[in-house]
Amino acid sequence: MLHEIKSLLIDKFGSEVIQSENPSGLQPWLAIKVDFIEKVCHELHDNPKTFFDFLSCLSGVDNGPQQNTLEVIYNLCSIPHKTQLTLKVIVPRQTEDGSLPSVPSVCSVWGTANWHEREAYDMIGINFINHPDLRRILCPQDWEGYPLRKDYKTQEFYHGIKVEY
């Protein structure tokens, strides 16, 4: 199945759409270039051959300061076709201007992406372009840093209250 989907995407968007792939293991995946992710998700959702109608999970992953990359993992399901697919995008942990890395939102494809993207923003520090309501969902709005980054240092005090863990 992964080979067929890869061929479909290359036919539609060109060979530059796929950044890398892992066809083996329990959860084979395709890494999509970040500029294509929203278009690819629309295609996989709207195409009757694939019809991935359900985004079961979207997760942010920090690969650590040494690898210097973050990932967004998309776990897709097609309920009618009884198939699953994992996509990912890989972005640098920090941009040249010091802003958060950005990935296009897929909220326009699946409504469930809304809170998943907010969590990835809040915990990992990934900006989702064109998200309808991108703000923290687990931490207070004025919290400093992104708690699931591997180099995160918990602030000692928050509004004068000692942060204990």
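Both backbone and side-chain heavy atoms feed into the values below; hydrogens, waters and symmetry mates do not.
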Open item on the list: Salt bridge check, Asp133 against Arg135: does any charged N sit closer than 4.0 Å to a carboxylate O?
Closed with: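 Salt bridge: yes.
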Side-chain donor/acceptor of [X] to backbone N/O of [Y], under 3.5 Å:
X      : Y      : result
Ser20  : Ala31  : no
Asp122 : Cys139 : yes
His45  : Val40  : no
Arg149 : Ile124 : yes
Ser78  : Lys82  : no
Glu119 : Ile137 : no

- [ ] Decide yes or no on salt bridge (charged side-chain N to carboxylate O under 4.0 Å, His left out) for Lys6 and Glu21, but give the supporting numbers first.
- [x] CA-CA 9 Å; Lys6 179 182 173 185; Glu21 66 179 299; 2.3 Å; yes
Task: Residues Glu38 and Ser108: side-chain donor-acceptor under 3.5 angstrom - done: yes
Task: Residue pair Asn75 / Thr86, side-chain donor-acceptor N/O under 3.5 Å - done: yes
- [ ] Kindly say whether the aromatic ring centers of Trp143 and Tyr158 come within a distance under 6.0 Å.
- [x]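 Yes, the ring centres sit under 6.0 Å apart.
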Task: Nearest non-hydrogen partners of Trp29 and Leu2, listed with the distance - done: O-CD2, 4.2 Å
- [ ] State plainly whether one hydrophobic cluster holds both Val91 and Phe36, where clusters connect Ile, Leu, Val, Met, Phe, Trp and Tyr through side-chain heavy atoms under 4.5 angstrom apart.
- [x] yes
TODO: Following the transitive rule for hydrophobic clusters with a side-chain heavy-atom cut-off under 4.5 Å over Ile, Leu, Val, Met, Phe, Trp and Tyr, establish whether Ile90 and Leu76 coincide in one cluster.
DONE: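 In one cluster with Ile90: Leu76, no.
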Task: Worked check of side-chain hydrogen bond (donor to acceptor under 3.5 Å, both in side chains) between Thr112 and Asn114 - done: CA-CA 5 Å; Thr112 55; Asn114 189 316; over 6 Å; no
Open item on the list: Contact between Tyr121 and Ile126 at the side-chain level, heavy atoms closer than 4.5 Å - yes or no?
Closed with: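 No. Closest side-chain heavy atoms not under 4.5 Å.
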Open item on the list: Any heavy-atom pair between the side chains of Tyr74 and Leu55 that's under 4.5 Å?
Closed with: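 In short, these two side chains touch, coming nearer than 4.5 Å.
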- [ ] Check the pair Asp142 / Arg136 against salt bridge (charged side-chain N to carboxylate O under 4.0 Å, His left out), numbers first and verdict last.
- [x] CA-CA 9 Å; Asp142 59 347; Arg136 291 199 181 257; over 6 Å; no
Open item on the list: Could you go through Ser105 and Asn130, starting from their C-alpha distance and side-chain angles, then the distance that decides it, and tell me whether this counts as side-chain hydrogen bond (donor to acceptor under 3.5 Å, both in side chains)?
Closed with: CA-CA 6 Å; Ser105 173; Asn130 293 324; over 6 Å; no
